[in-house]
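Here the structure is a predicted model, which is why all the values come from computation and not from measurement. Chain A is the first sequence line, chain B the second, and so forth, proteins listed ahead of strands; every chain is numbered from 1.
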Amino acid sequence: MRIVIPISDKSKTSTVSKKFARSPHFAVVDKTDRTVEVIENPYADLNLGVGKKLLNWLTKEYKVDTLLAFELGLKVQQLANESKMQLIIINEKKQTLKQLLSFMKIE
Amino acid sequence: MPRPRQISKVQIPPRVRGFIPVGYYKDQSEPVQLNIEEYEAIRLLDYEGLSQVEASHLMQISRPTLTRIYERARKKIATALTEAHQIVIEGGNAIFNGSWFECERCNCKFNNPNELPVQSCPVCESFNLHHLED
């Protein structure tokens with residue numbers, strides 16, 4: 001299982017971004033290998049069609065199959081549903097990556 | 001005999017089960033029950049800013065039905081705000097888009113797109129899960 005988490009900056013203390021597609025960075029968590037990779041969002045400043053390009057990139061380059069977010073835009077939800085990706089909605093707006101990784105018993 | 005109500009499709013379950021008024025007031029009144037489809041109508045139209053046609057397609061109901069649901073929802077919320085009622089989000093005639101679960105430990109909600117047996121939370125691996133019924 002590879003989970004992508006939108007985060008506000010590159011550090012482990014960064015918080016989960018409020019919106020998924022416009023997040024400046026992502027953490028890609030591999031639950032099987034127990035690894036974390038922080039990547040930049042190349043589409044963060046794109047005007048239109050961010051969701052589709054982003055999901056294609058995340059699935060092709062990083063083999064992501066699960067999206068974790070506080071909130072997902074409608075377009076991303078629809079595209080994720082079409083691709084049979086799992087959606088995880090967290091309830092804490094200011095949750096940090098460190099706390100999430102601790103929950104996942106990764107760090 | 002009245003026509004049966006159309007079943008609405010809801011994209012993501014509501015984050016919480018309701019809201020309570022803040023401040024002192026004596027003799028708490030009966031809570032206002034906001035149906036799941038009424039919550040979804042408010043979310044799609046007022047929060048996401050969709051048109052009624054777009055929202056009705058997503059909810060898989062007719063546009064006039066959506067208008068009626070939306071008007072009911074606004075009336076209920078206005079009543080709750082003005083008369084200081086609790087709002088309870090439950091019931092109604094809706095199905096979720098796929099099956100959804102809530103983890104009792106980390107409180108995340110997650111779906112099961114491949115319909116595989118769900119045993120533990122994908123975040124904290126807790127077995128204490130609650131299947132969110134429509």
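Distance check: F110(B) CZ to I3(A) CD1 gives 11.0 Å after rounding to the nearest 0.5 Å. Note: L74(A) CG to R43(B) CZ = 5.5 Å, rounded to the nearest 0.5 Å. Within the model, atoms CG of L58(B) and CD of Q78(A) stand 5.0 Å from one another, a figure rounded to the nearest 0.5 Å. If you take CZ on F103(A) and CD on E125(B), they are separated by 12.0 Å, rounding to the nearest 0.5 Å.
Screening I89(A), L68(A), I88(A) for a side chain to side chain contact (heavy atoms under 4.5 Å, CB included) involving C108(B) leaves a single residue, I88(A).
Between L72(A) and E48(B), the shortest heavy-atom distance links the atoms O-OE2, 4.5 Å.
In the hydrophobic clustering of this structure, V64(A) does not group with L101(A); members are Ile, Leu, Val, Met, Phe, Trp, Tyr whose side-chain heavy atoms approach within less than 4.5 Å, directly or through other members. Linking Ile, Leu, Val, Met, Phe, Trp and Tyr whenever their side-chain heavy atoms come within less than 4.5 Å leaves I12(B) and I90(A) in two separate clusters. Using a 4.5 Å cut-off between side-chain heavy atoms of Ile, Leu, Val, Met, Phe, Trp and Tyr, with links allowed through other members, L100(A) and I7(A) fall into the same hydrophobic cluster. In this structure, M1(A) is a member of the same hydrophobic cluster as I5(A), with clusters built from ILVMFWY side-chain heavy atoms closer than 4.5 Å. I20(B) and Y39(B) are assigned to two separate hydrophobic clusters, defined by single-linkage of ILVMFWY side chains at heavy-atom distances under 4.5 Å.
Seen from the ring of F70(A), R15(B) counts as a face-on cation partner, given the 6.0 Å and 45° thresholds.
No more than 12 heavy atoms of other residues, nucleotides or ligands shown are found within 6.0 angstrom of NZ on K75(B). No more than 12 heavy atoms of other residues, nucleotides or ligands sit less than 6.0 Å from atom CD of Q119(B). The environment of NZ in K76(B) is crowded: more than 12 heavy-atom neighbours from other residues, nucleotides or ligands sit within 6.0 Å. Within 6.0 Å of NE2 on H130(B) lie more than 12 heavy atoms contributed by other residues, nucleotides or ligands. Environment of CD1 in I106(A): crowded, with over 12 heavy atoms of neighbouring residues, nucleotides or ligands closer than 6.0 Å.
Taking N107(B), V16(B), L44(B), V123(B) one by one and counting their heavy-atom pairs under 4.5 Å with chain A, the maximum is reached by V123(B).
Looking at M85(A) and P113(B), their side chains never come closer than 4.5 Å, going by heavy atoms from C-beta outward. Side-chain contact between Q77(A) and N97(B) is absent, with no heavy-atom pair separated by less than 4.5 Å. Between K84(A) and N111(B) the shortest side-chain heavy-atom distance does not fall below 4.5 Å. Side-chain contact between K109(B) and N91(A) is present, with at least one heavy-atom pair separated by less than 4.5 Å. Between M104(A) and C124(B) the shortest side-chain heavy-atom distance does not fall below 4.5 Å.
Proximity to chain B at a heavy-atom threshold of 4.5 Å picks out K31(A), R34(A) from residues 26-60 of chain A, in numerical order.
Only the side chain of K105(A) comes within contact range of chain B, with at least one heavy atom under 4.5 Å from a heavy atom of that chain.
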